[in-house]
Amino acid sequence: MTDADLPRAPNAFRLWREAQHTQSRTRLGGIYYLLAWLLVWGFSAAPGAHLLLGLGTTAFFSLILILRWLHRLPAGHAESDLRRWLDLQAWLVCGNALGWGLVQAWTLQTIDFAPSQSIAAISTIAISAAMAFTFSMDRSRGALAILLLYLPGLAVLLPDAAAHLGELATLALYLSYLLLAQSRSHREYCNTLDLELQLLEQRERMEALGHTDGLTQLGNRHRFNSLFPALLANALRHGSPLSLVLLDIDFFKKVNDEYGHAVGDECLRAFAERMCRAFRRDSDALLRLGGEEFGVLMPDTPLEQARQLAESFRAELAASGFSCQQQWMPLTASLGVGTYDPLRGGSAEALYKRVDDALYRAKEAGRDRLVLAQPEG
Ligand SMILES: Nc1nc2c(ncn2[C@@H]2O[C@H](COP(=O)(O)OP(=O)(O)OP(=O)(O)O)[C@@H](O)[C@H]2O)c(=O)[nH]1
């Protein structure tokens, strides 16, 4: 998945990231339960005497291990799919934890497992500590999984609390430490996610700025250079025409010279706004190519349609001129229009040159006019 495919809305991004982290952080967890169980069983006083329990528990931990391994993330980032995936993964993790809690309780009350009690206890401490620090994506589910590791053992010790006061107090202390650590690692996880989201948004803003002309907010030359070949390739693939209009304000230098640069800027902004009103299709790309030169890329638009739109823009501009600071001044533009015909082929550079030549001829012929580009030779 590339950055362009990442979910854009913050909540969708968080959910998608949570699912990703949950997968990478919980995939291997199941193996430790299985290994710990084999140690507990293998070092008990009489493993052979508990063959059925030993094999059954081995099968249980193996099954959850396989299920956790096979439970792969959904391909897209549909919210309902991700939530369902997270729910099932949490069931598997909690089921694993409860299974281990029961093993721990079993060792505490079965005399044959007395020799492996410390193996079970160390394993519980190691697994729960790992859980507090790695399963930090979801605070309540992480806390539940930790509690499930300890509660069955505590339930066995509680009826004879007086005899186990020291162990119970230590366990309670350690459990509260774990829950605090898990809550803290959850906060840190959320902060990291916030930071990642901010970075992503900043990068998007920077990219947009790099493609936008600061004065008119139209796409800039950089945007044109990346968009033009892409739209041309698209036109070729779909067999549809792509029209290009180049527009150049006439005698713009005079506006600057007579009224000042600020009015010149205002004039460029007003020109861009008029373009936006004239070329309204969502698929049209409006660009400022530099100075007082503008362009419009019109996908799926035949020459005649592009000519009509461009011509009505020109006529309206010439009729209304430009008003600024309670002054009216004439404003006209020269235009070149051409179309890429996918049947004839040709490159982006060739189309640009044909339309630019047409614009030059419009200037040469006296300005305030539209000239059609020569057909592809
Ligand atoms: N105010 C302002 N002026 C700009 C900007 N960019 C370019 N210009 C000016 O636009 C003018 C373009 O002048 P020319 O290339 O001679 O074009 P023209 O005066 O429009 O003449 P023709 O195109 O031949 O009709 C120059 O004076 C540039 O300084 C800008 O961002 N703001």
Side-chain angles (χ1 to χ4, degrees), residues 205-228 243-280 284-298 303 306-340 348-374:
R205 265 203 300 275
M206 297 292 283
E207 271 170 20
L209 278 177
H211 281 107
T212 307
D213 171 56
L215 184 69
T216 61
Q217 302 307 313
L218 300 186
N220 60 15
R221 170 69 75 167
H222 195 56
R223 175 88 180 127
F224 175 77
N225 288 344
S226 61
L227 199 58
F228 190 22
S243 288
L244 170 65
V245 182
L246 292 179
L247 314 90
D248 192 289
I249 302 178
D250 297 327
F251 303 118
F252 182 65
K253 191 170 176 316
K254 260 178 36 191
V255 180
N256 271 339
D257 292 348
E258 282 178 31
Y259 302 95
H261 221 261
V263 174
D265 282 357
E266 194 46 50
C267 179
L268 291 170
R269 265 194 292 267
F271 188 84
E273 274 167 27
R274 284 191 196 186
M275 281 176 66
C276 294
R277 287 202 294 271
F279 303 96
R280 280 198 307 263
D284 292 345
L286 277 58
L287 307 131
R288 181 182 176 208
L289 302 176
E292 81 299 11
E293 187 186 347
F294 294 80
V296 186
L297 281 164
M298 307 167 83
L303 183 64
R307 190 198 65 78
Q308 279 177 19
L309 269 171
E311 176 55 23
S312 75
F313 171 82
R314 186 206 59 75
E316 212 176 295
L317 181 76
S320 51
F322 166 62
S323 301
C324 182
Q325 297 174 353
Q326 285 154 358
Q327 295 206 48
W328 182 89
M329 57 198 91
L331 183 65
T332 62
S334 304
L335 288 76
V337 181
T339 298
Y340 172 74
E349 291 76 23
L351 172 61
Y352 184 84
K353 177 150 188 353
R354 284 195 292 122
V355 180
D356 199 38
D357 286 348
L359 172 60
Y360 181 77
R361 279 184 275 124
K363 290 274 182 195
E364 287 286 288
R367 297 176 173 77
D368 188 20
R369 69 197 60 217
L370 181 155
V371 171
L372 290 180
Q374 303 284 352

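Positions are given from 1 along the sequence. All ligand and atom numbering here is 1-based and tracks the order in the structure.
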Measure the shortest side-chain to side-chain distance between Leu289 and Leu246 over non-hydrogen atoms and say whether it is less than 4.5 angstrom. yes
What protein heavy atom sits nearest atom 24 (O) of ligand 1, and how far away is it? Arg367 NH2, 2.9 Å
How far is atom 18 (P) of ligand 1 from its nearest protein heavy atom, and which residue and atom is that? Phe252 N, 3.3 Å
Given Arg288, Lys363, His261, which one has a non-hydrogen atom that is nearest to atom 22 (P) of ligand 1? Lys363
Which is it for Leu268 and ligand 1 at heavy atoms under 4.0 Å: side chain, backbone, both or neither? side chain
With side chains defined as the heavy atoms from C-beta onward, is the minimum distance between Val355 and Val245 less than 4.5 Å? no
Check this for me: Glu311, atom CD, are more than 12 non-hydrogen atoms of other residues, nucleotides or ligands nearer than 6.0 Å? yes
Find all atoms of ligand 1 within a distance of less than 4.0 Å from any non-hydrogen atom belonging to Gly264, and give their numbers and elements. 1 (N)
Students should be able to answer this: which protein heavy-atom is nearest to atom 32 (N) of ligand 1, and at what distance? Asp265 OD1, 2.6 Å
Using a heavy-atom cut-off of under 4.0 Å, does the side chain or the backbone of Asp248 touch ligand 1, or both, or neither? side chain
Within the distance-only criterion (no hydrogens, no angle test), does the side chain of Asn220 pair as donor or acceptor with the backbone N or O of Arg288 below 3.5 angstrom? no
Suppose we measure from atom 6 (N) of ligand 1 to each protein heavy atom; which comes out shortest, and what is that distance? Gly291 CA, 3.3 Å
With a cut-off of 4.0 Å, which atoms of ligand 1 are near a heavy atom of Asp250? 20 (O), 25 (O)
Using a strict cut-off of less than 4.0 Å between a Lys/Arg side-chain nitrogen and an Asp/Glu carboxylate oxygen, indicate whether Asp357 and Lys353 qualify as a salt bridge. yes
for atom 16 (O) of ligand 1, nearest protein heavy atom and its distance come out as Lys253 CD, 4.1 Å
Starting from atom 21 (O) of ligand 1, locate the nearest protein heavy atom and write down its residue, its atom name and how far away it is, to 0.1 Å. Phe251 N, 3.5 Å
Any chance you could measure Gln217, atom CD, to Cys276, atom SG, to the nearest 0.5 Å? 10.0 Å
Is Glu364 salt-bridged to Arg361, cutoff N-O under 4.0 Å? no
Taking side chain as C-beta onward, heavy atoms only, is Arg369 less than 4.5 Å from Leu335? no
For atom 3 (N) of ligand 1, what's the nearest protein heavy atom and its distance? Asn256 ND2, 2.8 Å
For atom 15 (O) of ligand 1, what's the nearest protein heavy atom and its distance? Glu292 OE2, 3.5 Å
Is it possible for you to check whether Lys363 lies under 6.0 Å from the centre of the six-membered ring of Tyr360, through NZ or CZ, and within 45° of that ring's axis? no
